[in-house]
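Quick notes on the structure that follows.
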Amino acid sequence: MGRLFGTDGVRGLANESLSPELAMRVAAAAAQVLIRGKKRPVAVLGRDPRASGEMLEAAVTAGLTSVGVDVLSVGVLPTPAVAYLTGLYDACFGVMISASHNPMPDNGIKIFAAGGHKLDDAIEARIEALIAEGVTVRPTGAGIGRVRGDYTVEGTHERYVEHLLESTGQDLSGLTVVVDCAHGAAAEVAPQVYREAGATVIAINAEPNGLNINDGCGSTHLGTVRRAVLQHGADLGIALDGDADRCLAVDAAGEIVDGDAIMAVLALAMREAGELVDNTLVATVMSNLGLHIAMRAAEITVITAAVGDRYVLEELRRGGYSLGGEQSGHVVFPRFGTTGDGVLTGLRLMARMAQTKATLASLASVMTTVPQVLINVAVSDKGAVAVAPEVLEAVAEAERMLGETGRVLLRPSGTEQLVRVMVEATDPAQARALADDLAKRVAAV
């Protein structure tokens with residue numbers, strides 16, 4: 001059996017690579033690793049609205065109950081809601097069925113440990129080993145898990161909404177926001193939260209039917225929200241992905257405000273409020289050089305983690321920091337959640353606009369994006385190529401040429417036989433020339 005877990009759970013084409021049989025085995029194995037020896041363990045289970053989620057929810061429920069775990073099924077809710085409820089209900093672990101921003105035919109299984117925290121590599125390896133070995137626990141009679149009905153979907157929905165509203169006391173009256181819900185898990189929650197916070201809300205792509213999630217909309221298709229912002233004369237647009245763990249924004253002119261710019265705005269806001277622990281922001285190696293330059297000017301330290309919001313989370317927990325995220329729009333506030341939360345990010349961004357009475361464009365201008373060139377190079381052995389002496393020498397040569405005006409990143413893909421060559425430079429022509437040269441050298445190995 002190959003590696004099942006990727007950067008964010010187990011993901012694949014539903015009913016093919018991610019079959020109900022595999023979902024059942026993953027759930028049963030995860031339960032045996034995570035139940036912490038409790039006599040009557042409990043797991044929170046949620047999903048996004050894609051059609052295959054109904055099938056996989058049944059399979060995961062069967063896997064959990066077959067090893068004696070009671071299931072609190074919370075229905076369709078965002079991934080961060082499932083993580084939050086896992087901690088709120090003191091469950092042994094939580095399971096979210098979602099493929100995030102992927103197209104509808106895909107699906108995935110995200111697992112949270114007690115407290116709603118993402119799993120580390122070692123725990124994932126134990127789960128994979130147990131899947132390969134086969135389930136060893138098979139209770140009978142009263143020992144079989146039950147699907148518990150003492151928490152209603154309405155109750156969990158409201159608990160999450162209240163939690164988000166408590167994260168900021170700022171009145172958003174006077175702000176008009178377009179929120180693109182990607183026909184996903186936050187189609188009800190996001191408009192409700194923003195309205196209750198006082199904003200005028202124009203919700204688009206908020207009618208999930210199981211088949212339309214992420215279809216030409218959401219954080220991976222920003223043209224939709226840009227057009228809507230201009231059409232309605234809104235102050236900003238918020239674009240979520242299918243499970244609402246990420247958010248990107250557009251300003252009143254329809255210009256994109258990505259995760260790096262959002263983090264820059266929020267880092268300054270939190271520093272001003274005395275909430276930015278050690279004046280430190282956690283980002284990933286993919287964050288633009290412009291973020292580092294802006295934070296350096298503001299005397300804010302940037303700690304760099306590997307790609308993936310769980311690695312950002314590990315750095316946040318290790319240092320006790322209060323803000324971190326990714327260029328893709330995963331932004332984490334450890335005080336309020338254990339994973340990226342797109343609805344919360346949008347709420348905090350609007351709170352900053354309301355507090356300062358500034359436009360989003362003005363706030364985001366604190367950061368200037370440095371031109372970036374990214375080339376994916378197909379190779380036969382990504383691991384060997386990335387550490388080949390001739391490749392490392394070429395990278396060092398490019399870094400010497402750039403000096404303080406740019407940076408180079410060579411990164412093997414996490415899922416494909418590709419090496420990603422990224423060059424950032426204040427001179428776009430130089431960035432393109434260096435990236436092309438490095439790509440040729442990588443391909444020649």
Working for salt bridge (Lys or Arg N to Asp or Glu O under 4.0 Å), residues Arg310 and Asp121: CA-CA 10 Å; Arg310 66 175 176 151; Asp121 292 339; 2.7 Å; yes
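Looking only at distances, a side-chain donor or acceptor of Asn214 sits under 3.5 Å from a matching main-chain atom of Ser100. Within the 3.5 Å criterion, the main-chain N or O of Asp245 finds a donor-acceptor partner in the side chain of Asp241. The backbone N or O of Ser287 lies less than 3.5 Å from no partner atom in the side chain of Asp260, so there is not a single donor-acceptor pair.
Taking the side chain as every heavy atom from C-beta outward, Val189 and Leu164 approach each other to under 4.5 Å. Under the 4.5 Å side-chain criterion, counting only non-hydrogen atoms from C-beta, Leu291 is in contact with Leu281. Looking at Leu85 and Leu77, their side chains come closer than 4.5 Å, going by heavy atoms from C-beta outward. Counting only heavy atoms from C-beta outward, the side chains of His183 and Asn209 never approach each other to under 4.5 Å. Contact annotation: the side chain of Val331 approaches that of Leu323 to within less than 4.5 Å [non-hydrogen atoms, C-beta and beyond]. Tyr160 has its side chain out of reach of Val74: every pair of non-hydrogen atoms, C-beta onward, lies at least 4.5 Å apart. You'll find the side chain of His292 reaches within 4.5 Å of the side chain of Thr304, heavy atoms only.
The number of heavy atoms from other shown groups lying within 6.0 Å of CD (Glu275) is above 12. Within a 6.0 Å sphere centred on CZ of Arg40, heavy atoms belonging to other residues, nucleotides or ligands number more than 12. The local environment of CD in Gln32 is crowded, with over 12 non-hydrogen atoms from other residues, nucleotides or ligands closer than 6.0 Å.
Between Glu314 and Arg317 there is no salt bridge, since no side-chain N of the basic residue sits under 4.0 Å from a carboxylate O of the acidic one. The pair Asp8-Lys110 counts as a salt bridge, with a side-chain nitrogen and a carboxylate oxygen less than 4.0 angstrom apart. Of the charged side-chain nitrogens involved, none lies within less than 4.0 Å of a carboxylate oxygen, so that Arg271 and Glu299 do not count as a salt-bridged pair.
Applying the side-chain hydrogen bond (donor to acceptor under 3.5 Å, both in side chains) test between Arg11 and each of Asp106, Asn107, Asn102 identifies Asn102 as the sole match.
Between His163 and Tyr84, the ring-plane angle classifies as parallel under the 30° and 60° cut-offs.
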